[in-house]
**Student:** 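Okay, here's the structure, questions in a sec.
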Amino acid sequence: MSEGFIPLSVPNFSGNEKQYVSEAVVSEWVSTGGSMVSGFEEKLAAYVGMPRAVACNSGTSGLHLALLAAGVKPGDEVLAPTLTFIAAVNPIRYCGAEPVFLGCDDSLCLDPALLEAFCEKECVLKEDGLYRRQSGKRVAAVVAVHVFGNLADMPRIMAAAQKYRLKVIEDATEALGTRYTEGPYQGRFAGTIGDAGAYSFNGNKIITTGAGGMTVSLHPDWAERMKYLSTQAKDDLLQFLHGDVGYNYRMTNLQAALGLAQLEQLEGFIAHKHALYDFYRERLDGKKGIKMLGFRPGTRPNEWFFSLYLEDYPLERDALIDALSKKQIQTRPIWALIHEQKPYRKNEAFGVEKAADYRARIVNIPCSTNLSFEDAGRVAAAIIELAE
Ligand SMILES: *Cc1c(COP(=O)(O)O)cnc(C)c1O
């Protein structure tokens, strides 16, 4: 019988982590120099099929670098989803720009229909870009978040971005390994379709370096710019000459050591997630007023997080979370909508009804890459039992 605490999503160090980290320690290359950082960049770039990847110290800093490379500047507006983690939005403010929020579709990602309608109704297209009709502000970019390892509707988002001359920043922090298997972007990975993409290796993500991130871009000059800004915008190796206000957003060699070992296991982690997802779906989808949300057809998702949608379940979201917690099972609600949070209450939001419904009804259940089927069985049985 399964017993003890079952966490939501925890690291899984069953590969070469100890070996690579001790190699880094023994070599004394533990800080931001060292061959493992460039090694990890190369391996990750090859995995997602990009010419180059730029390591950084978090997904948040990666998104900041991407927005800077996109030329987002004070006074601009940037479109962003309201149903996301706040780290997808805060970097817009770091650039001195303001987010304008849009709701989601049934993949939980930014609704392309709302993007199209916003550009058409609220904006005018000028020679040098898209501008708001009323305020005259420039709309510089859209941040598309691939929620829970799903893929946002990139064909439609890219078409709208092209038509309205918006830069596309992909927040692929939750979606490393997710890719299209059909359609115009067949074979392309989340993060590699827009102008720039960011991944996160925070402790709860599908692979972890403790904390860390990586950015990619198909534009060689953007990748170069992101590397430059992340390393204090240093122009020369000896004389301490700096051409811009840069950042210390570097990854350490110790983190990269973990990352190299984790990346070796990523496909195995995804296979286990897939098996766990199917196991839960068999036991929970369509039972007791529960719908288990799926992933976009025509993709190979990494299935990072599993979402129960409480359609007609006898307990409300927080009551279920609480009751499971008493049984030592950790679950969580989806994020509170960003446009309702203190720093962003004055910002505009369009078409958020669906996001509000998902916010009220979604519970994420344990999904660690080292979760046993025995423990997953205990989770599923507890959720069924609490409805009886
Ligand atoms: C985790 C996450 C981030 C930030 O990544 P960090 O590495 O924690 O900075 C950004 N956006 C989303 C959607 C995330 O889930």
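Just the heavy atoms: all of them, side chains too, but no hydrogens, waters or symmetry mates, feed the values below. Counting starts at 1 for both ligands and their atoms, following the listed order.
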**Student:** Nearest protein heavy atom to atom 14 (C) of ligand 1, by residue and atom, and its distance?
**Tutor:**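 Looking only at protein heavy atoms, the one closest to atom 14 (C) of ligand 1 is Thr173 OG1, 3.1 Å.
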**Student:** List ligand 1 atoms under 4.0 Å from Asn202, heavy atoms only on the residue side.
**Tutor:**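 Near Asn202, meaning under 4.0 Å from one of its heavy atoms, ligand 1 has 7 (O), 8 (O).
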**Student:** Can you tell me which residue among Thr32, Thr215, Leu65, Leu68 is in a side chain to side chain contact (heavy atoms under 4.5 Å, CB included) with Ser230?
**Tutor:**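 With Ser230 as partner, side chain to side chain contact (heavy atoms under 4.5 Å, CB included) holds for just one option, Leu65.
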**Student:** Give the atom numbers and elements of ligand 1 that come within less than 4.0 Å of a heavy atom of Val145.
**Tutor:**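 Result: 13 (C).
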**Student:** Would Phe201 count as a polar contact of ligand 1, with the cut-off being nitrogen or oxygen pairs under 3.5 Å?
**Tutor:**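 The answer is no, given that Phe201 and ligand 1 share no N or O pair closer than 3.5 Å.
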**Student:** Quick one: look up the protein heavy atom nearest atom 15 (O) of ligand 1 and list residue, atom name and how far away it is.
**Tutor:**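 Protein heavy atom with the smallest distance to atom 15 (O) of ligand 1: Glu174 OE2, 2.5 Å.
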**Student:** Considering only heavy atoms of Ser58, which atoms of ligand 1 have at least one such atom less than 4.0 Å away?
**Tutor:**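 It comes down to these atoms of ligand 1: 7 (O), 9 (O).
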**Student:** Which residue and non-hydrogen atom of the protein lie closest to atom 9 (O) of ligand 1, and at what distance in Å?
**Tutor:**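 Checking every protein heavy atom, the shortest distance to atom 9 (O) of ligand 1 gives Thr60 OG1, 2.5 Å.
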**Student:** Going by distance alone, is a donor N or O of one side chain under 3.5 Å from an acceptor N or O of the other, for Ser107 and Arg296?
**Tutor:**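 Yes - a donor-acceptor pair under 3.5 Å links their side chains.
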**Student:** Do the two ring centres, one from His242 and one from Tyr228, sit under 6.0 Å apart?
**Tutor:**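 For His242 and Tyr228, the ring centres are not under 6.0 Å apart.
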**Student:** Write out the residue and atom name of the closest protein heavy atom to atom 11 (N) of ligand 1, then the distance separating them to 0.1 Å.
**Tutor:**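 Residue, atom and distance for the closest contact: Asp171 OD2, 2.7 Å.
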**Student:** Hey, which atoms in ligand 1 end up nearer than 4.0 Å to a heavy atom of Ala87?
**Tutor:**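 Once the distances to Ala87 are compared, the set is 3 (C), 4 (C), 10 (C).
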**Student:** Tell me which one of Phe295, Tyr280, Phe148 satisfies ring pair (Phe, Tyr, Trp, His ring centres under 6.0 Å) with Phe306.
**Tutor:**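 The ring pair (Phe, Tyr, Trp, His ring centres under 6.0 Å) with Phe306 is passed solely by Tyr280 among Phe295, Tyr280, Phe148.
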**Student:** Only one of Ile206, Thr173, Val216 passes side chain to side chain contact (heavy atoms under 4.5 Å, CB included) with Tyr199; say which it is.
**Tutor:**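 In the set Ile206, Thr173, Val216, the residue that makes a side chain to side chain contact (heavy atoms under 4.5 Å, CB included) with Tyr199 is Val216.
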**Student:** Which atom pair, heavy atoms only, marks the closest approach of Arg317 to Pro333?
**Tutor:**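 Heavy-atom minimum between the residues: CD-CB, 3.6 Å.
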**Student:** Can you sort out which atoms of ligand 1 are near Thr84, meaning under 4.0 Å from one of its heavy atoms?
**Tutor:**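 Close to Thr84: 13 (C).
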**Student:** Would you say the side-chain atoms of Tyr47 and Glu267 include a donor-acceptor pair closer than 3.5 Å?
**Tutor:**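 On atom types as modelled, these side chains qualify, holding a pair under 3.5 Å.
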**Student:** Closest non-hydrogen protein atom to atom 5 (O) of ligand 1, residue and atom name please, with distance?
**Tutor:**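 It is Ser200 OG, 3.3 Å.
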**Student:** Would you say the side-chain atoms of Glu116 and Tyr164 include a donor-acceptor pair closer than 3.5 Å?
**Tutor:**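 Short answer, no.
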**Student:** Please indicate whether any nitrogen or oxygen in Lys205 is less than 3.5 Å from any nitrogen or oxygen in ligand 1.
**Tutor:**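 Yes - when backbone and side-chain N and O of Lys205 are compared with those of ligand 1, one distance drops under 3.5 Å.
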